Trainee: 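Sharing a structure, written as structure tokens. Questions coming.
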Amino acid sequence: MSLSTTSVAAVAVTALTLGLCAVPAHAVPARVPHETTPAHESHERSARAPTRTVPEHPFRDPSLPLNRRVDDLLGRLTTAEKVSWLHQYQPAVERLGIGLFKTGTEALHGVAWSTDVDNAGNVVTAEGTVFPQAVGLASTWNPDLVKKVGTAVGEEARGYHAENSRLWGLQLWTPVVNPLRDPRWGRNEEGYSEDPLLTGAISTAYGSGIQGDDPDHLRAAPVLKHFLGNNNEVRRDTTSSSLRPRVLNEYEYPAFKTALEAGAATGVMTAYNLVNGRPATVTDLNSTVRAWTDRPLFNVSDAGGPNNLTGSQGYFATKAEGAAAMLKAGVESFTVDNTDGAPTVAAVNEALAQGLLTQADLDTAVRRILVLRFRLGEFDPDGGPYGKITKDVVDSTAHRELARRTAGEAAVLLKNSGKTLPLRPSQKVAVVGPLADTLYTDWYSGRLPYRVTPLDGIGERAATVTSEGVDRIALKSGGRYLTAGTGAGADLRLSGISAGATEQFDVFDWGEGIVTLRSVANGKYVSRANWSTLVNNQEQPTGWFVQEQFKLEAQADGTTLLRYAGYETAYDWFGQNKYVKAAADGTLGLTVAEDATRFEKEIVRSGTAEAVAAARSADVAVVVVGSMPFINGREDHDRTDLGLAEGQQALVEAVRAANPNTVVILENSYPTTIDRLQEKVPAILWTTHAGAETGNALADLLYGDVNPAGRLTQTWPRAGTPLPDILDYDIVKTGSTYLYSKRRPLYAFGHGLSYTTFGYQGLKAVAKGGGHEVSVKVTNTGSRAGDEVVQLYTHQHTSRVEQPVRQLRGFQRVRLAPGESKVVRFTLRTADLALWDVTRGRFAVEPATHDVLVGSASDAIRQRVTMRVDGERIPARDLTRTTRAADFDDYSGVELVDETKVRGDAVGASAGEWISFEDADLRAGVTGVRLGVAATAASSVEIRLGSPTGRLAGTVRVPATGGTYSWATATAPVSAVRGAQDVYLVFRGALRIKDVTFTR
């Protein structure tokens, strides 16, 4: 995440230890006042040669080269001051007139929140323009539009910063560019796509918009999250993402590399997880992200990450060792210990004292910090070219209009049979469903300054009737009803003698038994107050620990138990007291199920019956269903199910039965298994939670003012499709994402419909320069103007390795009037067709025939041709040269681990697991084998040929070496090994292996 706050006192500290993402913080110092000339001064003075006030120090002089300014300021800082700047909250240096600088403001899809150094680091939420969630931004497939969104976000960040520079920092912890390889990831809403090319294009657009176009200055500074291999929330600070070289270089790295190569990001945030056994917090950034750009980077840790090194990960014995490893790995800012920099200072000072760090290491880190601060204009007298932006830009009319347009372009029309859409204003519309008249924000949203709900938007166009479609209930026990407070809310009590408004609750079903209870008394949600009793006081479910979650558990005797199901119940410290019990005086507490109060559940009003009645009274029914972003998966909580909530599914089906002219609006942020709705409902429109303009944007789409053209950025699987373990990152081996899956999806990657039709003609792929120019004529063959997202894919026919089923190579969103044609052109570089060659540790283009495929989705290919690509044949393996074990071709069960705590990957294996090296050239024959091994106990490795159970050529005895980082050499003779062979290493015990060499 990005959180270093203690908003729930000690509990939040526990959460941070577990690893909440990253927390915002950057407050820029006071600036030297800009000297101006009074307007009444004579023209004679203005005509004289211009004069310039000489700054007190050279670092204040913007006319000097950046490096000279940085050198000057670096040389004026003491060692203590330099060390203090390694913490998230970089303290002021008053003797130089430098104020506090705080890294990080959350701005995923609008300025969201920051932490307040002047208020114990508590979170302060912005109230400005909220754009569609990140996966929605990518669903536009429109980098030009996303750049405009980034510009607006950068401007609003500047506006907040102008109001309070200590609170609102200009280093923005956004965007999230982890590829969305698994739809169950709780943070799916934060990412862009399962495809690295699309992810790179959207992140580059968003980041470049945030930064601005000035070559020397930054409007704001985007930081890419979360490097690396971060796609699971379960045990996210202790799990290791095993990324074999092909997956690492062809899939994971490109998602980050694109924006960095384009200069559209100023650094990365390290992830909580380990990568190949090494914490991402100390995974070398200097040989990766810094090698991808010639611009300086300033990298940060995720919140709490530094403490995990000696805490949950136990990777280092002392914080000094951890601090030294972080700085040497290229992380310059420690997001840890909330506002308290003292532990970081102590750890770094100890590392210096022990010789783990040098003064040069310290200066290198601080220099990188300074470059960013200078580029933000902090030390320019006028604040630089963006220094005059004020709070007036926040929630401006222009930004509202941009939010509406973006929400419209982001929505995806999944189905539209019988031309159900667009609607006609003359039709009476039943707008029903739990999301029909509400808008939700998420963990990385700002507060909405106003709200246009789906009902509001449709109501501006047509006559409407409405129902939320949720049951209204009362809970009774021993002749008394559960009673809520009015006004701002009060403790719930078992005290009512009749089921009036204060005794009634609306029940919202979010799936898997989880419900929220909204009090009819004041319209607020029931929450667990003060970690003890219940109170109706929340505008929506929210917070790190979402305390508005309950389960209504039916009992065999017909009664119901009310179970508290807030997120914190998953932690050991919570205990087993999860069920509501009313004391004799009616006050509520929590106890075990056996002692809980047994309630009679009375249905005051059936939500389904009410929605059905509304649907029957209308010409068309629009059912708005979906997710609650704080409940249905989010940071620290993966999904275990991709289905729509059972109650919502039943509601849609009942409404569809009552009115065949039914449209479903699905409002969530992840692929959903809605197979039954796809079969039964004539029209389905998907949107993310899209901000204050959601209702207007949806109305624009429903009534045809905007022709839908959004496209899915992920594969939507069918119900029952088996998914791999969420911790298995090998998309090649598991056949995951549209790249490698051979299963028929519910909706394919790139899917999206329009109110018009498009024709494709004359696809050509012409060799040109270092690649091919691909062109195709696209024509709007319908009667409406609309956008088509033209998608270019390729597929390689033959290869040494398994190739993607197809892979996105380019896309363009083009607008065409009825009957209009346009030739769409793509440049396809031969180098972009390279694969990672594990035999030589580099990219290589193979000679092969490629299909060139163009269409409107990965499964809607409209034109295809083939092209021949020249390249180099990957040679047979030479296993007589020392070969890294991690460069295997295939495997079973093993995982990649850290060779040392600094660098290098090895293979960690257990009994029965294996790795293979295919097409090895052993024609001259070999007689022995040498393995680099580490083991805590004696084990062995079998050398087999052809398969894991093939002919045994030799057995290597591996003694205990003294530990997992104590590397030794183990040898053995091998017999009759010659010719071209597939060589298998089969492990007969637990050990690590870093390399293999066959000897003659």
Side-chain angles (χ1 to χ4, degrees), residues 408 411-438 452-470 606-626 644-668 672 674-687 694-710 716 746-747 751-757 782-784 786:
V412 180
L413 184 60
L414 299 176
K415 180 182 179 182
N416 188 28
S417 63
K419 296 184 178 179
T420 300
L421 294 175
L423 303 177
R424 300 184 303 278
S426 60
Q427 293 173 301
K428 181 180 180 181
V429 184
V431 187
V432 301
L435 280 79
D437 195 26
T438 190
V452 183
T453 69
L455 177 62
D456 295 332
I458 296 170
E460 288 290 320
R461 311 292 186 102
T464 59
V465 291
T466 188
S467 167
E468 290 179 305
V470 300
S606 167
T608 299
E610 185 181 75
V612 164
R616 285 177 177 155
S617 72
D619 300 309
V620 60
V622 175
V623 192
V624 191
V625 293
L644 185 64
E646 299 85 347
Q648 295 187 33
Q649 177 88 27
L651 173 68
V652 173
E653 293 182 5
V655 170
R656 168 66 177 86
N659 188 334
N661 194 23
T662 293
V663 177
V664 167
I665 295 175
L666 179 61
E667 189 176 342
N668 65 14
T672 312
I674 54 170
D675 304 51
R676 281 159 51 191
L677 300 190
Q678 170 65 21
E679 293 172 4
K680 297 179 180 181
V681 176
I684 306 173
L685 181 67
W686 175 75
T687 177
T694 298
N696 282 331
L698 289 174
D700 291 341
L701 292 157
L702 293 174
Y703 286 93
D705 295 338
V706 171
N707 194 340
W716 286 37
L746 178 62
Y747 304 116
H751 172 77
L753 305 178
S754 171
Y755 294 152
T756 190
T757 56
S783 59
R784 287 176 174 267

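Numbering of residues begins at 1 and proceeds along the displayed sequence. Because only heavy atoms are used, hydrogens play no part in the values below, and waters and symmetry mates are left out as well, while side chains stay in. Keep in mind that what you see is a predicted model, and the values were worked out from it rather than measured.
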Trainee: Looking only at atom types and distance, does a side-chain atom of S417 sit under 3.5 Å from a main-chain N or O of P682, one as donor and one as acceptor?
Mentor: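 Checked: pair present.
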Trainee: Which heavy atom in G408 sits nearest to a heavy atom in A697, and how many Å separate them?
Mentor: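 Of all heavy-atom pairs spanning G408 and A697, the closest is N-CB, 3.7 Å.
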Trainee: Which residue is it: V664, L677, V625? I am looking for the one with a side-chain contact (heavy atoms from CB on, under 4.5 Å) to Q648.
Mentor: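 Per the side-chain contact (heavy atoms from CB on, under 4.5 Å) rule, the option paired with Q648 is V625, out of V664, L677, V625.
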Trainee: What residue among L702, L414, V412 forms side-chain contact (heavy atoms from CB on, under 4.5 Å) with L685?
Mentor: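 It is L702; the other options fail the test.
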Trainee: Do the side chain of N668 and the main chain of G626 share a donor and acceptor less than 3.5 angstrom apart?
Mentor: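 Not a single qualifying donor-acceptor pair exists.
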Trainee: I need the minimum non-hydrogen distance between A611 and V655, along with the two atoms involved.
Mentor: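 A611 and V655 have their closest heavy atoms at CB-CG2, 4.1 Å.
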Trainee: Would you compute the distance between atom CD1 of I458 and atom CG of D437 and round it to the nearest 0.5 angstrom?
Mentor: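 Reported value, rounded in 0.5 Å steps: 10.5 Å.
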Trainee: Could you pull out the closest heavy-atom pair between K680 and R656, with the gap in Å?
Mentor: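 In this case the closest contact between K680 and R656 is O-NE, 2.5 Å.
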Trainee: Any chance you could measure L651, atom CG, to E468, atom CD, to the nearest 0.5 Å?
Mentor: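 Going from the CG atom of L651 to the CD atom of E468 covers 11.0 Å.
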Trainee: Kindly indicate whether the side chain of N661, heavy atoms from C-beta on, has any atom under 4.5 Å from the side chain of Q427.
Mentor: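 The answer is yes; the side chains approach within 4.5 Å.
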Trainee: Quick one: closest heavy-atom pair of V452 and G457, and the distance?
Mentor: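 That closest heavy-atom pairing would be CG1-N, 4.1 Å.
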Trainee: Between the main-chain N or O of D705 and the side-chain N or O of D700, is there a donor-acceptor pair closer than 3.5 Å?
Mentor: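 Judged by distance alone, no pair lies under 3.5 Å.
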Trainee: Looking at T687 and A411, would you say the former's side chain and the latter's main chain have a donor-acceptor pair under 3.5 Å?
Mentor: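 Looks like no, no N/O pair under 3.5 Å.
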Trainee: Got a sec: does the CD of E460 have more than 12 other heavy atoms crowding it under 6.0 Å?
Mentor: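 No, the 6.0 Å shell around CD holds no more than 12 heavy atoms from other groups.
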Trainee: Distance from I684 atom CD1 to T662 atom OG1, nearest 0.5 Å?
Mentor: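 Those atoms lie 11.0 Å apart.
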Trainee: Going from CG on L644 to CG on D675, what distance comes out if it is rounded to the nearest 0.5 angstrom?
Mentor: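 Atom-to-atom, L644:CG and D675:CG are 11.5 Å apart.
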Trainee: For G782, does its backbone N or O pair with a side-chain atom of Y755 as donor and acceptor, under 3.5 Å?
Mentor: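 No; zero donor-acceptor contacts below 3.5 Å.
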Trainee: To the nearest 0.5 Å, what is the distance between CD on E679 and CG on L746?
Mentor: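 Taking CD in E679 and CG in L746, the distance rounds to 9.0 Å.
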Trainee: Quick check: does any side chain N or O of N416 sit under 3.5 Å from a backbone N or O of A683, one acting as donor and the other as acceptor?
Mentor: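 Side chain of N416 to backbone of A683, a donor-acceptor pair under 3.5 Å: no, none is there.
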Trainee: Of all heavy-atom pairs between G786 and T756, which one has the smallest distance, and what is that distance?
Mentor: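 In terms of heavy atoms, the two residues are closest at CA-CG2, 4.4 Å.
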Trainee: Would the distance check show the side chain of T672 and the main-chain N or O of I674 forming a donor-acceptor pair, the cut-off being under 3.5 Å?
Mentor: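 It does not hold such a pair.
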Trainee: Quick one: OG1 on T453 to CG on N696, what's the gap to the nearest 0.5 Å?
Mentor: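 CG of N696 is found 9.5 Å from OG1 of T453.
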Trainee: Step by step, would you call V681 with K415 a side chain to side chain contact (heavy atoms under 4.5 Å, CB included)?
Mentor: CA-CA 8 Å; V681 176; K415 180 182 179 182; 5.6 Å; no
Trainee: What is the minimum heavy-atom distance between A618 and A430, and which atoms define it?
Mentor: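 That would be CB-N, 3.4 Å.
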